[in-house]
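Note: hydrogens, waters and symmetry copies are ignored here, and every other heavy atom, side chains too, is used.
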Amino acid sequence: MAAATVLVAGLCVARRAVAVAGPRGAQRRREGNEPAMNDALHRPGHRGRHRAQHYLALLSAADALKVRGASAVTDGNEVAKAQQAAPGGAAPTIFSRILDRSLPADILYEDQQCLVFRDVAPQAPVHFLVIPKKPIPRISQAEEEDQQLLGHLLLVAKKTAKAEGLGDGYRLVINDGKLGAQSVYHLHIHVLGGRQLQWPPG
């Protein structure tokens with residue numbers, strides 16, 4: 001019981017430290033106190049070593065809290081962005097800026113009709129996007145004249161998946177509209193693989 005109380009208290013201290021200092025402040029605090037920790041570790045007697053070990057445990061707890069906090073921000077973030085995304089228009093999207101090279105991307109393939117690049121927030125060991133160069137806002141707004149282009153996107157997705165070593169399978173995802181969690185209104189195909197994917201997707 002006493003150990004649990006100490007752990008909870010330590011976590012509260014670590015949480016306050018992270019909340020006040022932020023990730024960079026916590027890092028600077030750790031770096032600034034390294035000499036003190038080293039002195040404590042080498043100080044004769046059990047008390048000095050115990051204090052240093054306790055301090056290190058608090059820092060580890062703070063790091064764990066930062067990681068969990070970052071995960072919480074990421075989880076569901078795509079849905080939140082989809083709720084706020086503009087449903088297309090004259091304004092350039094992040095993908096149109098990648099197409100005109102005003103934004104960098106890890107490009108895997110390009111031809112006259114499409115571009116393939118890695119997702120900056122991968123949800124699987126392999127996660128890339130296939131986008132048309134034609135600015136189709138969403139799949140539900142594709143026209144009959146886009147039939148060849150849409151088929152081409154799927155074939156490019158297949159070829160790139162093979163080049164990425166996804167011989168055991170992968171998943172293609174197209175989000176459409178707010179309820180489909182579309183956060184960028186430029187048609188894009190997610191290709192995810194490299195691990196066992198679950199069903200239903202969510």
Could you tell me whether the side chain of R101 and the main chain of L99 form a donor-acceptor pair under 3.5 Å? yes
Contact summary for P104 and I98, nearest pair of heavy atoms: O-CG1, 4.4 Å
With ILVMFWY side chains joined below 4.5 Å, transitively, what does V120's cluster contain besides itself? none
What's the spacing between D176 CG and I139 CD1 if we round to 0.5 Å? 7.5 Å
For the student: nearest non-hydrogen atoms of P125 and G194, plus distance: CG-O, 3.5 Å
Rounded to the nearest 0.5 Å, the CG atom of L192 sits from the CZ atom of R195 at a distance of 7.0 Å
Shortest non-hydrogen contact from H186 toward H188: O-ND1, 2.7 Å
List the residues meeting side chain to side chain contact (heavy atoms under 4.5 Å, CB included) with R97, not counting sequence neighbours, and say none if there are none. P92, D100, S102, L103
Residue pairs involving residues 105-147 (criterion ring-ring contact (aromatic ring centres under 6.0 Å, His included); sequence neighbours excluded): F95-F117, H127-H190
Run the side chain to side chain contact (heavy atoms under 4.5 Å, CB included) check on I107 and L115 step by step: do they pass? CA-CA 7 Å; I107 296 173; L115 185 72; 3.7 Å; yes
Among residues two or more places apart or on two chains, list those pairs meeting salt bridge (charged side-chain N to carboxylate O under 4.0 Å, His left out) that have a residue in residues 185-194. none
Check residues 147-161 and write down every donor-acceptor pair under 3.5 Å in which the side-chain atom is one partner and the other belongs to a residue at least two apart or another chain.
from	atom 1	to	atom 2	distance (Å)
H152	NE2	D111	OD2	2.7
T160	OG1	V156	O	2.8

Between S140 and R138 the two heavy atoms that sit nearest each other are OG-NE, 2.9 Å
Donor-acceptor list for residues 165-174 side chains, cut-off 3.5 Å, not counting sequence neighbours:
from	atom 1	to	atom 2	distance (Å)
R171	NH1	Q198	O	3.0
R171	NH2	Q198	O	2.8

Summary of salt bridge (charged side-chain N to carboxylate O under 4.0 Å, His left out) pairs that have at least one residue in residues 112-135, sequence neighbours excluded: D106-R118, E110-K133, R118-E164, K134-E145, K134-D146
